Q: 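Pasting a structure here, questions to come.
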Amino acid sequence: MVNYSFLKRLLVIGEKQLLEELSSYMDLGTKSCESLKSALANDQKISESYESIRKYEKAADDLTMKYRQEISNGAISSTLMATLGTLVEKCDSILDASYFIVREIKRMGLALPALTSDEVHTITEGYGNFSRMLDYEKQALLYVDNMLNAGNMSQMREERKKIEELEEKVDDFKDSFIDSLYSKNSKLSYITFSHLADMVHKIDDLLDHCEDISDLILTVTTAVTK
């Protein structure tokens, strides 16, 4: 839950209530990360992971529709409506990206029997690295939630800095992984190369979304404290 006393001093009721409810996205995002890690570790359970993430993505869509209506019709400052709308869409994007990733894992499961053992090994190795990247995403989601629970702006900025550091680590890993893919290009089929490249970009997007969300939270909070 968001620190009520802090936000009560800062926000009118509409903004306070909306920011308070954003933790629901962080919870769904964390659950999706766990399901993605399960899918990456054992493709035999991919159907279960796929259904779970599809459920979380649908729940996020329902939240987004609800919040759009609150922003349009509720007690929201007109100067913040666009920013809050963007914030809600960014939160929803975390679940959209997770759903994209699990669909790609499921599709690759269908292609694995036709691949060489070396390619299967490369994919398995890549999936292990992607799972570690998702650990960073889970941590970033926690930091976003901490921002919503922060007792002051200084604490919020500290959490924002932690998210930035995680994003930079994942971005460096993405670049290194793509360099490695290109070095192996002659040994990989197009489908394997494309799959792994798309996956690492999409997981990197998850951290980008968290960084964007943290910036928007600071923007809203700064605006209402002036």
Side-chain angles (χ1 to χ4, degrees), residues 1-34 56 59-61 63-72 74-98 132-174 203-226:
M1 294 292 293
V2 175
N3 187 306
Y4 183 80
S5 61
F6 176 53
L7 290 178
K8 186 177 181 181
R9 294 195 302 271
L10 301 182
L11 310 178
V12 297
I13 186 65
E15 287 89 343
K16 183 202 74 66
Q17 181 176 340
L18 183 59
L19 285 183
E20 184 178 49
E21 293 174 349
L22 291 182
S23 287
S24 297
Y25 285 114
M26 304 309 115
D27 181 55
L28 291 170
T30 300
K31 290 177 179 177
S32 290
C33 276
E34 288 295 339
Y56 302 145
D61 284 345
L63 288 175
T64 300
M65 183 175 298
K66 172 189 172 184
Y67 298 154
R68 283 174 184 161
Q69 292 175 346
E70 289 183 7
I71 292 169
S72 299
I76 299 292
S77 168
S78 59
T79 59
L80 288 175
M81 288 178 67
T83 303
L84 287 168
T86 302
L87 176 55
V88 167
E89 293 296 335
K90 279 292 179 181
C91 290
D92 185 67
S93 294
I94 292 173
L95 281 301
D96 289 339
S98 298
R132 287 186 283 276
M133 291 173 71
L134 288 171
D135 287 334
Y136 285 124
E137 167 63 8
K138 285 175 60 181
Q139 192 65 49
L141 290 168
L142 174 61
Y143 292 153
V144 171
D145 206 45
N146 287 347
M147 289 183 70
L148 296 172
N149 283 285
N152 54 65
M153 286 293 292
S154 177
Q155 191 176 349
M156 293 178 78
R157 291 192 177 98
E158 288 178 9
E159 298 299 324
R160 167 63 182 79
K161 180 63 176 177
K162 294 176 185 177
I163 294 168
E164 181 182 8
E165 290 171 354
L166 287 178
E167 194 282 329
E168 288 173 354
K169 288 180 181 179
V170 171
D171 200 48
D172 289 343
F173 178 87
K174 176 197 68 177
I203 295 174
D204 178 62
D205 285 348
L206 291 173
L207 273 296
D208 289 338
H209 293 326
C210 285
E211 188 173 28
D212 291 342
I213 289 166
S214 67
D215 286 339
L216 289 164
I217 292 171
L218 282 179
T219 297
V220 171
T221 309
T222 301
V224 297
T225 55
K226 289 182 178 179

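Sequence positions, counted from 1, serve as the residue numbers for this chain. Treat the numbers as computed from the prediction; the structure is a model and nothing was measured. These values consider heavy atoms only, across backbone and side chains, with no hydrogens, waters or symmetry-generated copies.
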Q: Just so I know, are the side chains of Ser214 and Met156 near enough to count as touching, which here means a heavy-atom distance under 4.5 Å?
A: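 Sidechains of Met156 and Ser214: no contact.
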Q: For a 4.5 angstrom cut-off between non-hydrogen side-chain atoms, does Ile94 reach Glu137?
A: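 Answer yes - side chains close enough.
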Q: Out of curiosity, Thr30 OG1 to Gln139 CD, how far, rounded to the nearest 0.5 Å?
A: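 Between Thr30 OG1 and Gln139 CD, I get 10.0 Å after rounding to 0.5 Å.
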Q: Do Asp171 and Lys174 pass the salt bridge (charged side-chain N to carboxylate O under 4.0 Å, His left out) test, and can you show the C-alpha distance, the side-chain angles, and the key distance before you say yes or no?
A: CA-CA 5 Å; Asp171 200 48; Lys174 176 197 68 177; 3.1 Å; yes
Q: How far does CD1 of Ile217 sit from CG of Leu84, to the nearest 0.5 angstrom?
A: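 It is 10.5 Å, given to the nearest 0.5 Å.
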Q: If we only count heavy atoms from C-beta on, is the Asp61 to Asp96 side-chain gap below 4.5 Å?
A: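 Counting from C-beta outward, Asp61 and Asp96 do come under 4.5 Å.
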Q: What pair of heavy atoms forms the shortest contact from Cys210 to Val144, and how long is it?
A: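 What the structure gives for the nearest pair is O-CG2, 4.0 Å.
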Q: Say you draw a straight line from OH of Tyr136 to CZ of Arg132; how long is it, rounded to the nearest 0.5 Å?
A: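 Going from OH on Tyr136 over to CZ on Arg132, the span is 9.5 Å.
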Q: Does the pair Leu206 and Leu141 meet the rule for a side chain to side chain contact (heavy atoms under 4.5 Å, CB included), with working shown?
A: CA-CA 10 Å; Leu206 291 173; Leu141 290 168; over 6 Å; no
Q: Do the side chains of Lys162 and Glu165 get close enough for a salt bridge, i.e. N-O under 4.0 angstrom?
A: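 No, Lys162 and Glu165 are not salt-bridged.
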Q: Checking the side chain of Tyr25 only, and the main-chain atoms of Thr64 only, is there a donor and an acceptor separated by less than 3.5 Å?
A: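 Between the backbone of Thr64 and the side chain of Tyr25 there is a qualifying donor-acceptor contact (under 3.5 Å).
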Q: Which heavy atom in Met153 sits nearest to a heavy atom in Thr222, and how many Å separate them?
A: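 Minimum heavy-atom contact is CE-OG1, 3.4 Å.
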Q: So do the side chains of Glu167 and Asp204 get within less than 4.5 Å of each other, counting heavy atoms only?
A: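 Yes, side chains in contact.
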Q: Is there side-chain contact between Asp145 and Glu159, with heavy atoms separated by less than 4.5 Å?
A: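 Not touching, per the 4.5 Å side-chain cut-off.
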Q: Quick one: pull up OH in Tyr67 and CG in Leu87 and give me the separation to the nearest 0.5 Å.
A: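 Between atom OH of Tyr67 and atom CG of Leu87 there are 10.5 Å.
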Q: Between Ser72 and Gln69, is there a donor-acceptor pair closer than 3.5 Å when you use the side chain of the first and the backbone of the second?
A: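 Checked: no pair found.
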Q: Is Ile213 close to Leu22 at the side-chain level, that is, under 4.5 Å between some pair of heavy atoms?
A: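 No, their side chains stay 4.5 Å or more apart.
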Q: Where is the tightest heavy-atom contact between Ile71 and Met81, given as atom of each residue plus distance?
A: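 Shortest heavy-atom contact: O-CE, 3.2 Å.
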Q: Does Thr221 form a side chain to side chain contact (heavy atoms under 4.5 Å, CB included) with Met147? I'd like the steps, not just the answer.
A: CA-CA 10 Å; Thr221 309; Met147 289 183 70; over 6 Å; no
Q: Set out, in order, the CA-CA distance, both residues' side-chain angles and the distance that settles side chain to side chain contact (heavy atoms under 4.5 Å, CB included) for Leu63 and Asp92, then state yes or no.
A: CA-CA 8 Å; Leu63 288 175; Asp92 185 67; over 6 Å; no
Q: Side chains of Ile203 and Leu134, heavy atoms from C-beta outward: is any pair under 4.5 Å?
A: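 Yes, side chains in contact.
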Q: To the nearest 0.5 Å, what is the distance between CE (Met26) and CG (Leu28)?
A: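 Rounded to the nearest 0.5 Å, the CE-CG separation comes to 9.0 Å.
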Q: How many angstroms lie between atom CG of Asp135 and atom CD of Glu34, to the nearest 0.5 angstrom?
A: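 Here the rounded value is 8.0 Å.
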Q: Could you tell me if the side chain of Leu166 sits less than 4.5 Å from the side chain of Tyr143, heavy atoms only?
A: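 Side chain of Tyr143 against side chain of Leu166, heavy atoms only: contact under 4.5 Å found.
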Q: Restricting to non-hydrogen atoms, name the atom on Leu207 and the atom on Ala140 that form the minimum distance, rounded to 0.1 Å.
A: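 Where Leu207 meets Ala140 most closely, the heavy atoms are CD1-CB, 3.7 Å.
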